[in-house]
Structure formats: structure tokens, C-alpha cells
Amino acid sequence: MDVPFLSLKEVNARYADELKAAVGRVIDSGWYILGEEVAAFEKEFAAYCGARHAVGVGNGLDALSLILRGYKELGALSEGDEVIVPGNTFIASFLAVTENRLVPVPVEPDPSTFNIDPARVEAAIGPRTRAIMAVHLYGQLADMPSLAAIARKHGLLLIEDAAQAHGAASAGRKAGSLGDAAGFSFFPAKNLGALGDGGAVVTDNSALAERVAALRNYGSEVKYHHPYQGVNSRLDEIQAAMLRVKLRYLDGDTAHRREVARRYREAISHPDIALPGVTHEEQHAWHLFVVRSPRRDALQKHLQHCGVQSQVHYPVPPHQQPAYAELQGCKLPLTEQLHREVLSLPMGPSLPMDAVEQVIAACQSFGGAP
Ligand SMILES: *Cc1c(COP(=O)(O)O)cnc(C)c1O
């Protein structure tokens, strides 16, 4: 039996009856945009994260972008200000910054945890630095206590890109409640995934939440009155209804991901496969299980030969993408090395434990250097 990287069909089949009932409820309601389902999900998701507000938006990129846009409207950011971002992240973290005519300043990671290195963050702060965008990469919390101390010391905003980290927690406080504001994605493959696109801004800051709620809806608080030049980026009623069902299972799903990760870490021991560093069990929601190998491409081929699908997150770092010609001068050797070495093994809330054993056996049978 082949082991798929992630079967979304199997993920959602587990709740198919409830999801279909929820779709039916929305169809019958006759109300499809910004209604009861979105309002209820916003309340439930904010409570889940331990924050005051959640504002549903169209996707994770818009969540991050609207946080920055909201801060611009509040006068906390202005064009040309610098935002510190991890060098190794999905390109959306950068796009949210540049969409707002802010300047991304990429900083190298701790290669063991893959997350932004606080010591290097402090070294990258300059006179135009106004914010840090921390990404909880692969589901593991960035070092938020250190980043919060740096942000406080230098008067910077601390924003969480929590698109991969629903449910990860530090001393009981969840992703989404660890900075000034957080952006979540509900892309279908994320830990809390809709059946289409979706996202949310989570914050304790009422003024920011109000701005984002207006900006997502044409910059309007009262219909046909527009204090801001907003966008159309709303979470759909149907997607909110799907997310309300799946939010109730999120902790169970995360527990399964942790069990898969525990087994991988216990059983994979190969000189050419480095396991991911884990700061604390509760801080990792295991969106992805990412190993490193100096022979990554050969390892991926070998796994494929054994019927095990794997993926690379991500093959090219943002600063080396053609879209960011202005950043091609950046020297980020650690980031670039990680992009050459990382490989994501199958991981998901419905991955059977016998498939996990097959993945482990495939890793262990990886041959010596050619
Ligand atoms: C998925 C993701 C996003 C963007 O979310 P979308 O819903 O796809 O727009 C942003 N940042 C990170 C780290 C992500 O993994």
C-alpha cells in the first residue's frame, strides 16, 4: 500500500455527515455572506485561541496583510517601515509585507527548530524597524518569550504568522494569543482546514479588530459608508460552518499528529537523516514533520521507490524567488542550506499508525552514500 503525503479526502471523510448537515443548514438559511455562521465561528475561534477577537477573512495571506494594513490605518506603521521576517518561510509571510509597501528584512533561523533566531533578530533591528513577523514554522512555536522581550525593548509590534500552528501552546497559552496580533490560514491542508479558502485575524486589540473587520468588507462599518479603501476578503458562511464542525475535533487531531511525530522520532535513526528539534511537546502542533538530509533528493527518490510520498517545504526561499529580485543580494546561508536539505514525511490527523511504520521502515532502509 502506498502512503500518501496527506489525504484530504480521508481527513474530511471522518466528519462527512456533520459537514453535510452544516452545509445544508447554510443553504436553507438563505444567508451566505457575513451571517450567523461567521459570527459564531469568530467567537468560538477567539475563545479557542484565548484571545478577545477573531475576524474571519478570505485566506491566510489576507489575514497577515490586513493586520499590517490595520496597523497602518491606526498610525502604527507607515510606508517604507521595516518588518523582520524569517528567511525560511512560505512566501505569503513576505507578500503580506510587500503588499503593504513595507520592507521585509529576512533573518536566519535556528537550524534545529527551523524558527527565527532571536539573537539575529536583535542584530537586524534598525531605525526603520517597526515590527517582527514571527512564523511558527511547520507548527512549532517560534521562541515567543525572547521575541516578546526584544519587541518590548525596542517598541516593535510582534505579529504571529500562525498559519501552520493552530493549537500549539506555550504554558497553556495558544498560538494567536502570544503577540499583538496573529494571522491564521484555513487552507484545506492546514491543521484546521476549511473545504476551500479561509483565514482569520486574532487579536486582543479591539481597535485593530474593528479596522480589520471594516477593511475586509470594502472598508465599511455601515453599509455603503466607507471610511477606508478596503478590500473584499470575507470568510464565507459555508466555510465558517465547516470550520465550526472541525474546530471541535482540532485537539484530537493534534493529539494524533503528536503521536505520529513521537513514533517517527523514536524509531527513525539514520546517520543521513536529522530529526527536527522540539522545544516542548505542547509547543508543536506538527503541521509538518520535516527531516533534513545532505542527500535529500536521493532520500526522496528512495522513499518514492518504497511507496512513500514526501514533499519539500520549500524548495526555494523567498529571497531567491524571481518575484523578489530586490532581495537577491541577501546572504542567508543557513536558510539556503535548509532549503536544500529539508524533506517532509507523511503527516496528518488520519494517517494510520501502520502507514507510519511503513514510512519508518522506508527511512531506515535508505542506503549509504553513493
Ligand atoms: C499557508 C500559509 C500562509 C497563507 O495562507 P493561505 O490561506 O494559503 O493564504 C501564510 N503563511 C504560512 C506560513 C503558511 O503556511
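Both counts, for ligands and for their atoms, begin at 1 and track the order of listing.
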- Message: Looking at ligand 1, is there an atom of it that comes within less than 4.0 Å of some heavy atom belonging to Lys190?
- Response: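 Flag set, Lys190 near ligand 1.
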
- Message: So, 4.0 Å and heavy atoms of Asp197: is ligand 1 close enough to count as a contact?
- Response: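 For ligand 1, residue contact (heavy atoms, under 4.0 Å) with Asp197 is absent.
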
- Query: Taking both backbone and side-chain atoms of Asp161, is any N or O found less than 3.5 Å from an N or O belonging to ligand 1?
  - Reply: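 So ligand 1 has an N or O lying under 3.5 Å from an N or O of Asp161.
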
- Item | Protein contact of atom 8 (O) of ligand 1 - nearest heavy atom, named by residue and atom, plus distance |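 For this ligand atom, the closest protein heavy atom is Ser185 OG, 4.0 Å.
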
- Query: Where is the nearest protein heavy atom to atom 15 (O) of ligand 1: which residue, which atom, and how far?
  - Reply: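 For atom 15 (O) of ligand 1, the nearest protein heavy atom comes out as Gln164 NE2, 2.8 Å.
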
- Answer yes when Glu10 and Arg14 have at least one side-chain N-carboxylate O distance shorter than 4.0 Å, and no when they do not.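 So Glu10 does not pair with Arg14 through a salt bridge.
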
- Going by an N to O cut-off under 4.0 Å, is there a salt bridge joining Arg263 and Glu357?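 Counted as a salt bridge, because a side-chain N and a carboxylate O are separated by less than 4.0 Å.
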
- Message: Working to the nearest 0.5 angstrom, can you tell me the gap between Leu288 CG and Arg257 CZ?
- Response: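 Interatomic distance, Leu288 CG to Arg257 CZ, rounded to 0.5 Å: 8.0 Å.
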
- Query: What atoms of ligand 1 come within less than 4.0 Å of a heavy atom belonging to Ala92?
  - Reply: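 Those qualifying, in numeric order: 3 (C), 4 (C), 10 (C).
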
- Numbering as shown, the atoms of ligand 1 that approach Asn59 to under 4.0 Å (heavy-atom distance):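 So the atoms of ligand 1 that pass are 7 (O), 9 (O).
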
- Query: Are the side chains of Phe94 and Pro106 in touch, meaning some heavy atoms are under 4.5 Å apart?
  - Reply: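 Side-chain contact under 4.5 Å: yes.
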
- Query: ligand 1 versus Leu61, non-hydrogen atoms closer than 4.0 Å: side chain, backbone, both, neither?
  - Reply: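 The answer is both.
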
- Query: Are Lys246 and Tyr15 in a cation-pi setup, meaning NZ or CZ lies under 6.0 angstrom from the ring centre and within 45 degrees of the ring axis?
  - Reply: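 Cation-pi check for Lys246 and Tyr15: fails.
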
- Look at the side chain of Arg216 and the backbone N and O of Gly58, then say whether any donor-acceptor pair between them is shorter than 3.5 Å.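 No, Arg216 side chain to Gly58 backbone: no donor-acceptor pair under 3.5 Å.
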
